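Residue numbers start from 1 in every chain, and the chains themselves are labelled A, B, ... in the order their sequence lines are given, proteins ahead of strands. All values derive from a computational prediction rather than experimental measurement.
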Amino acid sequence: MKLRKVLRIARWEVTKNAGGVDKKTVAVAAVALLVAGLVAPYAASQGIALDRGIYRVGVTEESPYYQVVADDPTFVAREPSEDALEAGRIDVLIEPGEPPDAASSAKGDAALAELRSTVDDYNDQQMRKETNQSAAFPIAVTLRYVERENVQEVLDPGATGGTDTDDESDESDGETGTDTSGSDDGSSDGSGDGTGDETEAGDGTGQSGDGDTAAGGGGGNVGGLAGSLASGNASGTPADISPPFPFQSLVLAFLFVLPLNFIIQAYGSTMLSERLNRRGELLLVSPVTRFDIIGGKTLPYFGAAITMAALIGAGLQFPDISPLSVGISVLAITPIALLFLAATFVGAMFARSFKELTFVTVTVTVSLTTYAFVPAIFTDVGAVALISPLTIVVRDLQGQAVTLGEFTFSTLPPTLTAGVLFALGAGIYREEDMFTQRSIPLKTLDALAARVHGKWSVAAVSAILLPFVFVAELVGVAMLFAIPEALSIPAILVIVVVVEEIAKSLHIYAGYAHSRFEAGLKPALVVGAFSGAGFFVGEKFTLLAQLVGLPEQVVVGQAALATGTGAGSPSIPVVIAFLLAPLVLHVVTAAISAVGASRDRESYVLAVVLAMIIHFGYNFTVVSASGAI
Amino acid sequence: MQVALSDLLSDPRAAIARRDLASLSREKTIVLALLIQLFVAAFSSFLVVGLTSLYDPSSVSGEVNVGVTGNASDSLIAATEEMDGIDTVQLPNEATAARAFQDGGIRGTRVDTVIVANHGADRRINVTATAPDGSLQTTLIVVQIRETLEQFERQERQDRSAHIDRELVPLPDDVAASPYFGFTYTILIPLLLFLPPFISGSVAVDAITEEIERGTLELLRVAPVTLVDIVDGKSVAMAMLAPLQALLWILLLGANGISVSNVPLLMLTVASMATVVVVIGVVLGLVMGERKSAQLVYSVGVLGLFASAVFLPEHPATTVAKLAVDSPTNTTYALVALYAAVAVGLYALARAYVDRVDVESL
């Protein structure tokens with residue numbers, strides 16, 4: 001790759017679209033963005049009440065419930081009658097002097113449950129208007145989070161007495177009206193008896209007596225827009241306290257991912273249009289390598305993605321922008337952007353028509369957004385959230401520190417995966433595949449075969465496919481996080497076995513399909529052994545996961561990594577056995593698959609299934625022996 | 001009737017529609033599309049079920065053990081005796097509570113949370129609740145602490161009602177309702193019904209721009225069809241797909257015990273939406289003549305349109321939710337009629353536009 005050539009192609013990519021038709025695009029897009037910009041504040045101020053009017057309550061205006069129902073847009077007030085309830089025209093019937101009666105349906109129950117929580121909120125709101133605030137809100141809560149190991153000193157009687165009084169005096173200074181309910185009615189009298197305090201949302205960590213145990217707040221050093229949206233409340237009335245959930249940070253982090261979806265649409269189009277009517281041939285025959293072309297055509301879109309991330313990062317912190325914090329966000333978004341672009345590139349190389357590219361783009365959008373977003377939901381829960389780089393962004397928005405090890409653990413696998421995808425796509429960036437209607441399985445084999453030349457390259461491909469394996473397995477772990485352990489461990493073992501065996505053998509099959517290897521039993525065994533060994537070496541990278549310290553309670557995570565990281569036993573022979581056993585396993589199973597691959601497709605499939613069964617047996621034994629089940 | 005049907009099938013527009021649909025099924029992309037939608041639905045349901053089980057104590061088994069101490073602990077325990085999902089135990093002092101929280105020894109287990117309740121100087125009860133940090137259970141425990149204390153608060157308010165001027169509205173009974181009911185009708189069903197039109201419109205952009213960019217529009221024009229026929233055929237094919245997919249989702253939901261009401265009206269709404277976005281897509285395709293810009297403007301534009309629907313008296317997603325859950329109002333019906341009218345009107349406008357397009361310039 002020559003930088004000068006890459007830059008020139010990048011310049012063409014940008015400038016060739018600047019004239020003619022595209023002024024129209026710019027105009028229409030500008031109008032669309034303007035409309036979106038005008039609508040957004042209105043939509044935000046209205047709140048998006050999707051459940052507006054879905055339950056109907058029969059209630060008269062005299063009933064104390066009438067105001068409750070009228071205040072909550074979820075409900076519609078109707079004329080009360082038994083008949084209406086029977087006929088399903090209303091879902092809850094409130095008759096004078098009787099408790100609310102629900103229709104005997106799932107909807108009726110749901111409506112009554114909703115009414116219950118609405119009444120609760122309504123009562124709290126009424127109480128806020130009371131003059132006698134200590135009778136209206138007789139309970140003042142301070143919630144604190146404590147690591148179980150530290151509990152002794154925190155709950156030491158002497159210390160608590162001190163912090164308690166501090167907390168209370170802090171609170172009584174606050175203004176009335178809590179930030180969670182948002183119903184700060186101006187009629188409240190005086191500040192002396194308030195409960196919530198406005199400063200709470202700004203820095204949750206400052207509230208509790210001992211700063212390091214409170215995880216309730218968000219915000220931290222993020223001022224501006226992000227700061228005012230922090231979540232997780234730690235004191236006030238009982239209704240005020242809420243669990244630590246990085247909701248706002250997640251929404252903001254989503255802002256970083258959103259523009260990527262638009263960028264990959266344009267990128268996919270431009271890559272696919274190279275393949276229409278042999279347009280790309282001119283560049284292919286020019287004295288540049290295909291990596292120059294791909295690099296040059298990708299660079300403007302990558303640049304746009306990074307610029308957007310930087311702008312969003314800076315915009316969220318406006319007016320006091322911390323370059324370090326923005327930098328961390330941008331660096332964490334970089335692998336996600338690369339992954340989006342790489343997946344779209346491969347999709348554009350494989351797609352046979354515009355329609356197909358649309359579906360591929362939607363698939364990329366959905367699956368990668370999922371990968372980025374879901375683990376980040378568990379940011380506050382544990383290290384497993386770090387498999388998504390978006391977790392870094394969420395932590396950064398919350399003002400939490402990120403260690404270098406965590407950063408590497410989080411960003412390295414997606415970066416490597418993006419690299420592998422680009423390499424595979426580059427394998428079919430050539431005339432035979434670009435301008436013909438080859439079937440997708442054949443193109444897959446072409447892409448893999450382009451990287452396979454001999455036994456050493458087989459080992460190398462096995463190793464470089466590993467990040468892909470690693471990400472696939474970790475996403476599997478995250479998806480199975482919620483189901484019971486007894487089920488999730490066998491399930492994760494199956495995922496691991498299927499992913500690994502295919503990754504070890506598919507390129508061997510591709511090599512045989514392209515006659516890259518000699519036929520016969522012995523060459524097949526050699527190639528298989530090299531694939532297994534390459535995989536084993538690559539797998540040692542999974543030790544990285546342990547270096548940053550995945551928490552020990554993530555048993556499923558250990559199950560996923562069991563074949564690679566069984567070490568840790570004191571006696572040396574056992575350690576060696578633990579290290580060598582996976583090597584033997586990978587070599588044996590890959591050799592079995594390779595022998596199958598050297599024959600034909602049917603025997604390849606059979607051999608891979610056999611290899612999977614052996615691999616599963618091994619993993620299951622290791623996991624059972626280590627006592628995880 | 002036989003004659004009419006064969007006439008219909010030999011219509012050039014029907015032929016073009018068939019051709020576009022056939023290319024979708026040949027590439028098996030429609031399968032991919034259905035899989036994506038299924039994934040989105042399954043995934044959002046998984047997310048909600050997962051998150052609800054983090055928050056909703058009744059969705060998981062097991063109780064939260066609460067250790068209570070302090071000079072107001074008697075009234076706290078009395079107030080919360082009847083509650084489900086928690087198990088309170090009174091502890092003599094904070095040091096014991098701290099040990100119970102860390103090491104256990106109370107009824108053979110550790111307490112999940114310690115609540116210290118003391119009467120304060122201003123006649124309030126000051127409560128300090130301690131929850132374990134950084135585990136999946138934390139959320140559940142905090143929610144349980146909140147419910148416990150809210151119950152306590154209600155009891156204390158009642159005891160002090162002589163000092164409160166305003167009337168409290170009595171709380172309705174606690175019923176065992178599905179925590180997913182609201183989500184199913186207000187998020188999941190609108191999502192499943194609006195995804196097909198959105199994808200249809202996007203594919204309509206492709207159907208037009210691909211013919212233009214590949215130069216195959218020339219070939220179609222050699223056949224005895226007008227540009228209006230071509231556009232008609234392509235639009236109908238795409239607009240038809242959306243309500244069919246919507247029907248599939250409704251049937252699937254029905255098979256899972258989620259009954260959806262007003263199906264014909266929902267289908268009409270989806271068909272109208274699909275027509276609107278397909279017309280937008282087709283016109284953008286003709287105007288831009290190039291996939292890249294047309295798709296970009298299409299997706300930004302349609303998302304903008306969907307967002308600006310908040311100016312309507314009822315957002316389309318709410319309209320769909322109200323129809324599906326069987327709480328429609330006159331506004332709902334009026335809006336469905338409006339969408340149908342807009343769809344027909346836009347389609348007529350688009351045809352008039354296509355009629356005037358100079359084919360040579362494409």
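Rounded to the nearest 0.5 angstrom, I139(A) CD1 and I125(B) CD1 are separated by 4.5 Å. Distance check: N132(A) CG to D165(B) CG gives 8.0 Å after rounding to the nearest 0.5 Å. We find the OH-CG distance between Y122(A) and L171(B) to be 14.0 Å, quoted to the nearest 0.5 Å.
Both the backbone and the side chain of D120(A) come within less than 4.5 Å of a heavy atom of chain B. Residue contact with chain B, scored on non-hydrogen atoms closer than 4.5 Å, is absent for R89(A). Residue N93(B) does not touch chain A at all, counting heavy-atom pairs closer than 4.5 Å. For T209(B), the parts lying under 4.5 angstrom from a heavy atom of chain A are both the backbone and the side chain. With a 4.5 Å cut-off on non-hydrogen atoms, F262(A) touches chain B through its backbone and its side chain both. Interface residue A207(B): backbone and side-chain heavy atoms are both found under 4.5 Å from chain A. Within the 4.5 angstrom heavy-atom criterion, only side-chain atoms of L303(B), from C-beta onward, approach chain A.
The pair D124(A)-R157(B) meets the salt-bridge criterion, since a charged nitrogen lies less than 4.0 angstrom from a carboxylate oxygen.
R116(A) is linked by a salt bridge (charged side-chain N to carboxylate O under 4.0 Å, His left out) to D174(B), counting only residues two or more places apart in sequence or in another chain.
For the 3.5 Å distance criterion, the side chains of S202(B) and K355(A) fail to qualify, holding no donor opposite an acceptor. With no hydrogens or angles considered, a side-chain donor-acceptor pair links S269(A) and R291(B) at under 3.5 Å.
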